Trainee: 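If you scroll down you'll find the structure; I have some questions about it.
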Amino acid sequence: MNKDNGLFSIMSRIDCMSNQFTKTDWKIFKFIKNNTNQFLSLNAQELGKVIGTSDASVIRFSQKIGFSGLNEMRYSLQSEMVKNTSVSHHTDYSTLMRETQLVIENIYHTTSQSLVSRLRLKVKSSKRCFLVALDDKNIADIISEKFMAIGINIIPLTNINALKMYGSLSESDDLFIVISYTGNSKALSSVLEDITDHGSYVALISNYEKSLCADNSDIVMLIPKTNLLISSAVISKELIILTLFDLIFQNFITEDTDYFDMLQKTVSYINDGDDI
C-alpha cells in the first residue's frame, strides 16, 4: 500500500464529492495531502494563514466532506494514520465494500431530485425517448427493459452510426438521455450539437459538469468519479449507472400514479407466470 492510505477516508470522500468543490476546497485538500503532519498540528486560524485562505473556509471544508468540524476530521485522519499500513489481502474485501457503499451513498445524497423530476416530466411529454450508451449494450438493454415495465419505450442506441442516423432525423419532441463518463468525446459532442440544433432535448449523465458534451446538453446529471479510490479498478461503472437509474425509476413510480399502476400490473403478470 502507498503512503496515501492514511488519507483513505478523506480522499474517498473528496473523490465522490469533487463535483461540489470550489477552488478554495481543492487548495485546502492539496495542502492536507502534501503536508499532512502540519495540518494535524495547526488550528483553523493557523491553517488559514499557511494555506492562504480563511479559518472559516477550512472549517467549512471539513463539514462539506461529512465531519462536524475541523477537530473531528483531524482526529479521524490521525486515527487512520496510526493504523498498520501493511494490509493483508483478506482485508481487501472490506475496503471494496466500504468504498462501494461510499459511492452508492454519494449517489443517493447528491442526486438532484429536482433534475430527476424534470427528467420524468420530459420523458412523459416526449414523443420518442432514446438512451445513448455507446459500446455499452448491456447497460442500455437493462435500463430500457426496466422502463418497459411501466410502459415507457426507450430506444437504446449503442453505436455512433445509429446515433448519427436518429440524430439527423430528430425532432423537437424527442429526448436523448446520454451516458458519457468524461463527456469529452468530440464525435459524440458533434452529434449532440446537431440534435440540439433540431430542437431535441438532451439529458447528459457524466462525471463532469463542464465538458464538450455538457455544452450541448439541456441538463447534466452528475455521477461520482472513482479514480482516487483504492478499489477504483474493481468498482464497476455499470453499478454506478444502474444505481442512478434506480433512483430515476423510483421517482417515476412514486410521483406518477399511472406509472405506479402500470408497474403493479406488470409485476402481477410476472408473478402469474412463475409456474411456467
Side-chain angles (χ1 to χ4, degrees), residues 8 11-20 92-113 115-116 119-120 123 129-150 152-163 166 175-185 187-189 191-192 202-209 211-214 217 219-253 263 266 270:
F8 166 76
M11 289 185 68
S12 297
R13 295 184 192 210
I14 286 177
D15 178 52
C16 291
M17 300 181 65
S18 59
N19 293 315
Q20 307 170 39
D92 288 346
Y93 290 115
S94 62
T95 299
L96 175 60
M97 181 182 68
R98 193 163 60 243
E99 292 191 326
T100 300
Q101 181 180 2
L102 181 67
V103 170
I104 292 175
E105 287 179 350
N106 179 263
I107 295 171
Y108 277 89
H109 292 156
T110 62
T111 299
S112 169
Q113 288 301 308
L115 282 185
V116 174
L119 179 61
R120 170 175 51 82
V123 168
C129 295
F130 300 92
L131 176 65
V132 182
L134 299 183
D135 301 319
D136 208 338
K137 187 177 184 301
N138 187 46
I139 282 290
D141 287 345
I142 292 173
I143 294 172
S144 59
E145 289 177 10
K146 186 181 188 74
F147 279 85
M148 282 181 63
I150 54 176
I152 298 175
N153 181 31
I154 295 182
I155 304 169
L157 300 177
T158 57
N159 69 76
I160 192 69
N161 290 327
L163 175 60
Y166 280 102
L175 166 65
F176 289 79
I177 302 173
V178 181
I179 300 171
S180 177
Y181 299 104
T182 66
N184 280 324
S185 166
L188 177 57
S189 176
V191 179
L192 294 184
V202 176
L204 175 66
I205 296 172
S206 177
N207 291 134
Y208 297 92
E209 187 174 11
S211 64
L212 293 176
C213 291
S217 302
I219 62 171
V220 179
M221 301 184 70
L222 296 174
I223 52 176
K225 297 187 289 292
T226 60
N227 55 301
L228 292 179
L229 300 178
I230 296 173
S231 308
S232 60
V234 180
I235 298 176
S236 64
K237 293 180 179 178
E238 290 81 3
L239 172 66
I240 297 173
I241 292 296
L242 292 177
T243 299
L244 175 62
F245 273 93
D246 281 348
L247 274 178
I248 295 172
F249 188 84
Q250 177 74 7
N251 183 275
F252 274 74
I253 62 174
L263 180 62
T266 304
I270 294 173

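Everything quoted here is computed from the prediction, not taken from an experiment. Numbers for residues simply follow the sequence, beginning at 1.
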Trainee: Is there a donor-acceptor pair closer than 3.5 Å between any side-chain N or O of S231 and the backbone N or O of V234?
Mentor: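 No, because the side chain of S231 does not come within donor-acceptor range (under 3.5 Å) of the backbone of V234.
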
Trainee: Looking at every non-hydrogen atom in both residues, tell me the closest pair between P156 and D141 and how far apart they are.
Mentor: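 Residues P156 and D141, closest heavy atoms: CG-OD1, 4.4 Å.
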
Trainee: With distance as the sole test, does T266 use its side chain to make a donor-acceptor pair with the main-chain N or O of A149 at under 3.5 Å?
Mentor: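 Yes.
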
Trainee: Measure across Q113 and N251 and return the closest heavy-atom pair with its distance rounded to 0.1 Å.
Mentor: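 Minimum heavy-atom contact is OE1-ND2, 3.9 Å.
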
Trainee: Rounded to the nearest 0.5 Å, how far does CG of L263 lie from CD1 of I150?
Mentor: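 Taking CD1 in I150 and CG in L263, the distance rounds to 7.0 Å.
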
Trainee: Would you compute the distance between atom CD1 of I139 and atom CG of L239 and round it to the nearest 0.5 angstrom?
Mentor: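 Nearest 0.5 Å value for the CD1-CG distance: 9.0 Å.
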
Trainee: My understanding is that only residues two or more places apart in sequence, or in another chain, count here; which of them pass side-chain hydrogen bond (donor to acceptor under 3.5 Å, both in side chains) with S189?
Mentor: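 side-chain hydrogen bond (donor to acceptor under 3.5 Å, both in side chains) list for S189, sorted by chain: N216.
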
Trainee: Check step by step if side chain to side chain contact (heavy atoms under 4.5 Å, CB included) holds for I179 and L131.
Mentor: CA-CA 8 Å; I179 300 171; L131 176 65; 4.2 Å; yes

Trainee: Is a side-chain N or O of T111 found less than 3.5 angstrom from the main chain of Y108, in a donor-acceptor match?
Mentor: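 No; zero donor-acceptor contacts below 3.5 Å.
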
Trainee: State, with a plain yes or no, whether a side-chain heavy atom of L119 is found less than 4.5 Å away from one of L175.
Mentor: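 Of all side-chain heavy-atom pairs linking L175 with L119, at least one is under 4.5 Å.
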
Trainee: Does S217 use its side chain to pair, donor to acceptor, with the backbone of V220 at less than 3.5 Å?
Mentor: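 No.
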
Trainee: Has S206 got a side-chain atom pairing as donor or acceptor with S180's backbone, closer than 3.5 angstrom?
Mentor: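 Yes; judged by distance alone, with no hydrogens or angles, the pair exists.
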
Trainee: Test side chain to side chain contact (heavy atoms under 4.5 Å, CB included) on I177 and I143 and set out the steps.
Mentor: CA-CA 11 Å; I177 302 173; I143 294 172; over 6 Å; no

Trainee: Within a strict 4.5 Å, meaning less than it, do heavy atoms of the I240 and I107 side chains meet?
Mentor: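 Sidechains of I107 and I240: in contact.
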
Trainee: What are the two closest heavy atoms between T158 and A140, and how far apart are they?
Mentor: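 Where T158 meets A140 most closely, the heavy atoms are CG2-CB, 3.7 Å.
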
Trainee: Do you know which two heavy atoms are closest between Y208 and L222, and how far apart they sit?
Mentor: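 Taking Y208 first and L222 second, the nearest heavy atoms are C-CD2, 3.5 Å.
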
Trainee: About how many Å separate OG1 of T226 and CG of N106, when rounded to the nearest 0.5 Å?
Mentor: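 Between N106 CG and T226 OG1, I get 11.5 Å after rounding to 0.5 Å.
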
Trainee: Taking only residues two or more places apart in sequence, or in another chain, which ones meet F130 in a ring pair (Phe, Tyr, Trp, His ring centres under 6.0 Å)?
Mentor: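 Here the qualifying residues are Y166, F176.
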
Trainee: So V191 and V132, do their side chains get closer than 4.5 Å, heavy atoms only?
Mentor: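 No, too far: nothing below the 4.5 Å cut-off.
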
Trainee: So, for L212 and N184, which heavy atoms are closest and what is the spacing to 0.1 Å?
Mentor: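 Reported closest heavy-atom pair: N-OD1, 3.1 Å.
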
Trainee: For side chain to side chain contact (heavy atoms under 4.5 Å, CB included), just list the numbers for D136 and K237, CA-CA rounded to whole Å, side-chain angles, deciding distance to a tenth of an Å, and then say yes or no.
Mentor: CA-CA 11 Å; D136 208 338; K237 293 180 179 178; over 6 Å; no

Trainee: How about F147 and V123: do any of their side-chain heavy atoms sit closer than 4.5 Å?
Mentor: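 Not touching, per the 4.5 Å side-chain cut-off.
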
Trainee: Side chains of F245 and I205: does their closest heavy-atom pair fall under 4.5 Å?
Mentor: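 Yes, at least one pair of side-chain atoms sits under 4.5 Å.
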
Trainee: Does atom CD of E238 have more than 12 heavy-atom neighbours, drawn from other residues, nucleotides or ligands, at distances under 6.0 Å?
Mentor: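 Enclosed: over 12 neighbouring heavy atoms sit under 6.0 Å from CD of E238.
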
Trainee: Does K146 qualify as a cation-pi partner of F249, given the criterion of NZ or CZ under 6.0 Å from the six-membered ring centre and within 45 degrees of its axis?
Mentor: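 K146 over F249 ring: yes.
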
Trainee: Measuring only between side-chain heavy atoms, which start at C-beta, is L247 closer than 4.5 Å to V116?
Mentor: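 Contact flag for L247/V116 side chains = no.
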
Trainee: The test is side chain to side chain contact (heavy atoms under 4.5 Å, CB included); show your working for L134 and S185 and say whether it passes.
Mentor: CA-CA 11 Å; L134 299 183; S185 166; 5.7 Å; no

Trainee: Any idea which heavy atoms bring N207 and K225 closest together, and the distance?
Mentor: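 Shortest heavy-atom contact: CB-CG, 3.5 Å.
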
Trainee: From L157 CG over to L163 CG, what is the distance, rounded to the nearest 0.5 angstrom?
Mentor: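 Answer rounded to 0.5 Å: 6.0 Å.
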
Trainee: Can you tell me how far CG of L244 sits from CE of M221, rounded to the nearest 0.5 angstrom?
Mentor: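 Taking CE in M221 and CG in L244, the distance rounds to 5.0 Å.
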
